[in-house]
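A short worksheet on the structure shown next.
Positions are given from 1 along the sequence.
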Amino acid sequence: MATIAVEAVVEKLATLLEEEVQFLVGVRRGVSELRDDLESMRSFLQDAESRTETEKGVETWVKQVRDVAHDAEDILDEFSFRFSLPSRPGRLPRFFNFIRHLRTRHHLAGQIEDVKTKIKDISNRRNAFSFRRIEDATSSSSTLNTWHDLRRASLFIDEADVVGIENPKRVLISWLLQGEKNLTAISVVGTGGVGKTTLVKKAYDSQVVKKYFDCRAWITVSNSFTVADLLRSALKDMLEEAKERIPEGFDTMGESQVVNKLKEYLQEKRYVVVFDDVWSPNAWEVMKFALPDCCSGSRIVFTTRISDVAASVEIFSHVYRLQPLSEEEAWKLLCMKAFRREDKGVCPKELESMSRSMLKKCGGLPLAIVAIGSLLSKKDKHVLEWMRVHDSLYSEMKSNSSLESLERILLLSYHDLPYHLKCCFLYLSVFPEDYLIKRMKIIRLWVVERFVEEKRGLTMEEAAEECLNELVSRSMIQVVQIDYFNRVRTCRVHDVMREIIQLKSKNESFVLILNDKSMSLDEKIRRMAIHDNCEDLPLDMRFASLRSLLVFVPSMSWGNAFFKGFRLLGLLELDGTPLFEFPPELSEMILLRYLSLRRTMIRELPESIGKLKNLEILDLKFTPISTLPLGILKLKHLFRLQSYSHRFPKTHFPTTHGMSLPAGIAGLTKLQKLGHVEVNGNGDMVREFGKLTELRRLGILKLTRENGMDLCYALEKLKHLSGLCIVSIGMNEPVLHLDSLSTPPQFIQHLYLKCRLPNLPKWIASLSCLAKLVLQYSNLNEDPLKALQGLPNLVVLELRNAYAGKELCCDDGGYPRLKKLGLLMLRQLKSVRMEQGSMPELRVLDIAACEKLEMVPLGIQHLRNLQDLTVWNMPDEFHQKIKRPHGEDCWRVQNVANIQLSKSSFNVAYAMSLGELTSN
């Protein structure tokens with residue numbers, strides 16, 4: 001991605017000109033001119049990168065731009081590195097420092113002139129290709145023809161080649177023929193190659209659909225459609241099918257004329273119009289005025305990879321999300337394609353293992369299965385031949401036409417992305433096969449890599465989450481899990497797409513995946529991901545251009561000199577690697593912005609951590625580190641500092657352990673996320689938190705009764721806070737008074753109060769944004785279920801040893817959005833009553849160790865959306881009452897799909913299901 005390389009250099013040049021004035025004596029003019037040269041090249045570059053698939057010369061030019069941008073970045077980072085080296089005290093050392101800086105400036109001036117000369121030569125070559133600026137660019141006819149050829153292939157698939165389509169086809173036909181008489185939209189949404197076009201075409205061509213509608217039109221929507229072209233195509237399809245005459249001058253009619261003609265033709269008719277492969281809501285916006293609603297049962301059908309297209313249609317609509325094939329269906333389709341001739345669709349036994357391995361790569365994607373099956377059908381049915389295909393499957397993409405078509409179809413979505421989203425998506429190639437990507441991990445990486453565009457009113461992480469949601473909406477990322485708040489929890493990239501973007505990343509020098517395979521040692525690598533334990537990697541390797549290193553090997557063999565070759569590194573991901581001591585070389589990586597030591601066994605950080613003055617994110621979660629050194633206070637750019645772990649006692653809830661910080665943490669004014677800090681009753685430390693006014697999330701441990709007033713004072717200053725965790729020094733600690741908090745942060749969404757409370761703080765009921773609330777060890781006397789039922793956006797409520805009363809009650813209309821309720825270790829609780837109309841969205845109910853609870857909540861039968869009921873460590877009588885099929889209260893829970901009953905201790909198993917233990 002040459003554009004992002006240029007963006008990175010322009011940003012560094014701008015920063016240098018703004019902040020490093022004292023170092024630019026003699027070179028300021030050259031730096032300024034270099035920035036101007038690169039900025040002027042950006043718009044041409046964006047246009048050029050959109051054409052690299054079809055023009056080899058342009059691809060070469062883009063590579064030259066990328067290389068010169070990387071050269072400029074190397075020069076600037078080396079310059080920053082040398083000037084960041086600490087100066088030695090004393091008169092003579094100061095003289096040598098002056099001479100050293102003078103030489104560095106002189107060297108920088110010469111290198112800048114060399115880069116400027118290269119840029120001038122590259123700019124001259126640009127004219128040879130007649131490059132247009134991006135705003136003047138139009139798609140070439142050859143690109144459109146290629147695109148239409150790829151779409152057309154899906155329209156003429158034999159019925160015998162279609163698998164797993166019957167049920168979706170039945171649903172689609174029922175939506176076409178039945179239901180609303182008003183004009184209705186039907187959207188079929190799914191990733192590229194999942195079979196959307198094939199499904200809709202089979203329904204469209206069925207005899208019952210043909211007979212039902214008076215007229216039909218099928219329109220394949222190009223990325224660069226015009227209104228007149230779409231309308232003309234629709235009307236022409238209908239006229240030709242009806243064998244009616246096309247009006248004179250039809251091809252030259254203007255937009256308004258075609259709108260009137262189409263609208264006139266469709267009056268009093270029942271019609272169906274299919275818009276195939278829609279990429280923008282604009283397709284509907286321009287067509288809706290020409291498609292009248294005659295209340296005759298007309299239908300409009302969209303196929304799209306982008307969920308927002310379906311959501312943008314304001315008329316009544318159905319949405320069908322087409323899923324990949326099941327394992328059984330995928331195997332049937334592969335056998336039909338690969339063994340359709342002499343083997344009659346049956347896979348020979350000796351080829352089954354390799355066939356299933358290749359099938360797994362397809363992830364149920366029909367297009368991928370058909371392409372690979374077609375390739376295999378042309379191969380000899382010998383084990384050695386198939387092993388060669390298996391081992392070199394994706395090198396075949398450049399030499400096999402069917403696999404090339406597969407690649408082009410899948411990359412249509414990629415080429416449609418804005419350039420910053422292209423970088424975000426291409427970056428997913430760093431993750432290993434079948435790796436479950438956590439939402440916050442990829443968000444943090446994108447932010448530090450500078451892929452995310454800043455947006456007013458949003459933090460960079462919030463802007464990055466918008467990018468993630470956009471890729472999900474475009475069906476480019478597969479969501480594996482969503483949380484209770486409808487956010488992506490984990491996701492992955494389809495195996496076929498992952499292989500494609502890995503090849504693309506390598507070709508563009510964007511990311512190199514390092515494994516046991518050989519590689520060129522002089523390769524200019526910017527980002528490197530290690531997926532295998534590379535024992536043969538030479539210990540003296542130096543990666544002078546490397547900026548990002550991500551290690552995904554839990555058994556990595558570290559050599560003593562491993563980290564010495566990465567001094568200009570900006571990002572280092574070591575999550576889960578077998579490190580037991582902090583490598584001293586890390587302290588010399590003074591340009592480092594991101595350092596993750598999560599799940600390593602490092603026990604302490606050195607004082608030299610203070611050298612990493614550019615550090616923005618320091619992730620120490622689930623490490624044994626308990627105390628941070630004074631050097632941490634020098635990291636003025638830090639905006640995320642997190643360290644905590646959990647332990648599981650035999651009888652209680654998991655305990656949270658955090659980190660002790662030195663006094664002066666208030667100086668880190670850019671902090672947005674801080675947790676979990678053990679204050680050990682230190683009121684001065686608690687008051688310091690009030691000065692961190694940019695905080696979004698804060699976790700405080702080991703508070704005492706005396707800290708209540710100081711804590712309330714600090715929280716009133718934190719207006720942006722969205723997540724707060726408060727834990728007292730022990731479960732038997734005297735009550736923590738929080739009532740003096742008069743104006744709480746109004747945007748709090750997640751609140752954990754793990755402390756004894758004299759009563760429920762009144763301000764909690766005023767938190768209209770609150771989505772998750774956990775009360776633990778509170779020992780309240782008043783009914784918290786009744787007191788909190790007016791919270792409009794509460795989605796998760798956990799009561800853990802939080803109530804000393806005997807009855808809980810929820811009124812009609814209470815908890816309108818609650819999806820999960822946990823009633824845990826409420827020792828005195830005897831009954832729970834849920835009035836009809838309460839908790840209409842409840843999906844999950846957990847009941848554990850409530851020894852005196854006699855029966856399931858009264859009114860549970862009214863919870864029509866309840867899907868999971870988990871009961872842990874409850875009396876035998878309670879279990880027997882709901883045990884299927886003869887329990888006396890079995891009728892109350894007959895609509896609950898999943899009921900789990902267990903007499904075992906619930907703490908560890910239940911704790912692992914709590915969102916906070918695996919939060920990002």
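Side-chain N/O atoms of E706 and T704 include a donor and acceptor closer than 3.5 Å. At a cut-off of 3.5 Å, with distance as the only test, no side-chain donor of Q776 or Y752 sits close to an acceptor on the other residue. Counting only N and O atoms by type, the side chains of E449 and S548 include a donor and acceptor under 3.5 Å apart. Side-chain contact annotation: Q672 with R696, donor-acceptor N/O pair under 3.5 Å absent. For the residue pair H720/S722, the side-chain donor-acceptor check at 3.5 Å is not satisfied.
Rounding to the nearest 0.5 Å gives a distance of 6.0 Å between CG of L674 and CD1 of I665. Here R687 contributes atom CZ and Y713 contributes atom OH; the two are 9.0 Å apart, rounded to the nearest 0.5 Å. Here I625 contributes atom CD1 and S645 contributes atom OG; the two are 10.5 Å apart, rounded to the nearest 0.5 Å. We find the CD1-CZ distance between I513 and R498 to be 7.5 Å, quoted to the nearest 0.5 Å.
With a 4.5 Å cut-off on side-chain heavy atoms, L698 and C725 do not count as touching. For the pair V679/I700, a side-chain contact is recorded, criterion being any heavy-atom separation below 4.5 Å from C-beta on. The shortest distance between side-chain heavy atoms of Q642 and R640 falls below 4.5 Å. Side-chain contact between V488 and T490 is absent, with no heavy-atom pair separated by less than 4.5 Å. Side-chain atoms of F747 and L767, non-hydrogen and from C-beta on, never get closer than 4.5 Å to each other.
Heavy-atom minimum distance, N682 versus D684: OD1-N, 3.0 Å. The two atoms that bring T693 and K717 nearest to each other are CG2-O, 4.0 Å, heavy atoms only. Considering every non-hydrogen atom in both V493 and Q478, the closest pair reads C-OE1, 4.2 Å. Of all heavy-atom pairs spanning T656 and Y644, the tightest one is CG2-CB, 4.2 Å.
Between E798 and K820 there is a salt bridge, since at least one side-chain N of the basic residue sits less than 4.0 Å from a carboxylate O of the acidic one. Under the 4.0 Å criterion applied to side-chain N and carboxylate O atoms, E465 and R439 are assigned as salt-bridge partners. Taking 4.0 Å as the cut-off between side-chain N and carboxylate O, K670 and E694 do not count as a salt-bridged pair. Contact check on D575 versus K441 returns a salt bridge, with a Lys/Arg side-chain nitrogen under 4.0 Å from an Asp/Glu carboxylate oxygen. Using a cut-off of 4.0 Å between Lys/Arg side-chain N and Asp/Glu carboxylate O, E616 and R450 are scored as salt-bridged. Remark: D619 engages R598 in a salt bridge, criterion side-chain N to carboxylate O under 4.0 Å.
Remark: the backbone N or O of L711 is not paired with any side-chain donor or acceptor of N707 at under 3.5 angstrom. A donor-acceptor pair is defined here as one N or O able to donate and one able to accept, closer than 3.5 Å; such a pair exists between the side chain of H531 and the backbone of V430.
Residue-environment remark: NZ (K636) exceeds the threshold of 12 foreign heavy atoms within 6.0 Å. More than 12 non-hydrogen atoms from other residues, nucleotides or ligands lie less than 6.0 angstrom from CZ of F582. Heavy-atom contacts from other residues, nucleotides or ligands closer than 6.0 Å to CZ of R603 number 12 or fewer. The environment of Y435 atom OH is dense: over 12 non-hydrogen atoms of other residues, nucleotides or ligands sit within 6.0 angstrom. A 6.0 Å sphere centred on CD of E604 holds no more than 12 heavy atoms belonging to other residues, nucleotides or ligands. Environment of CD in E607: crowded, with over 12 heavy atoms of neighbouring residues, nucleotides or ligands closer than 6.0 Å.
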Worksheet item: Would S596 and L574 satisfy side-chain contact (heavy atoms from CB on, under 4.5 Å), going step by step from the backbone distance to the final call?
Response: CA-CA 6 Å; S596 174; L574 298 173; 5.9 Å; no
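A cation-pi contact links R527 to F510, judged by a cut-off of 6.0 Å to the six-membered ring centre and 45° from its axis.
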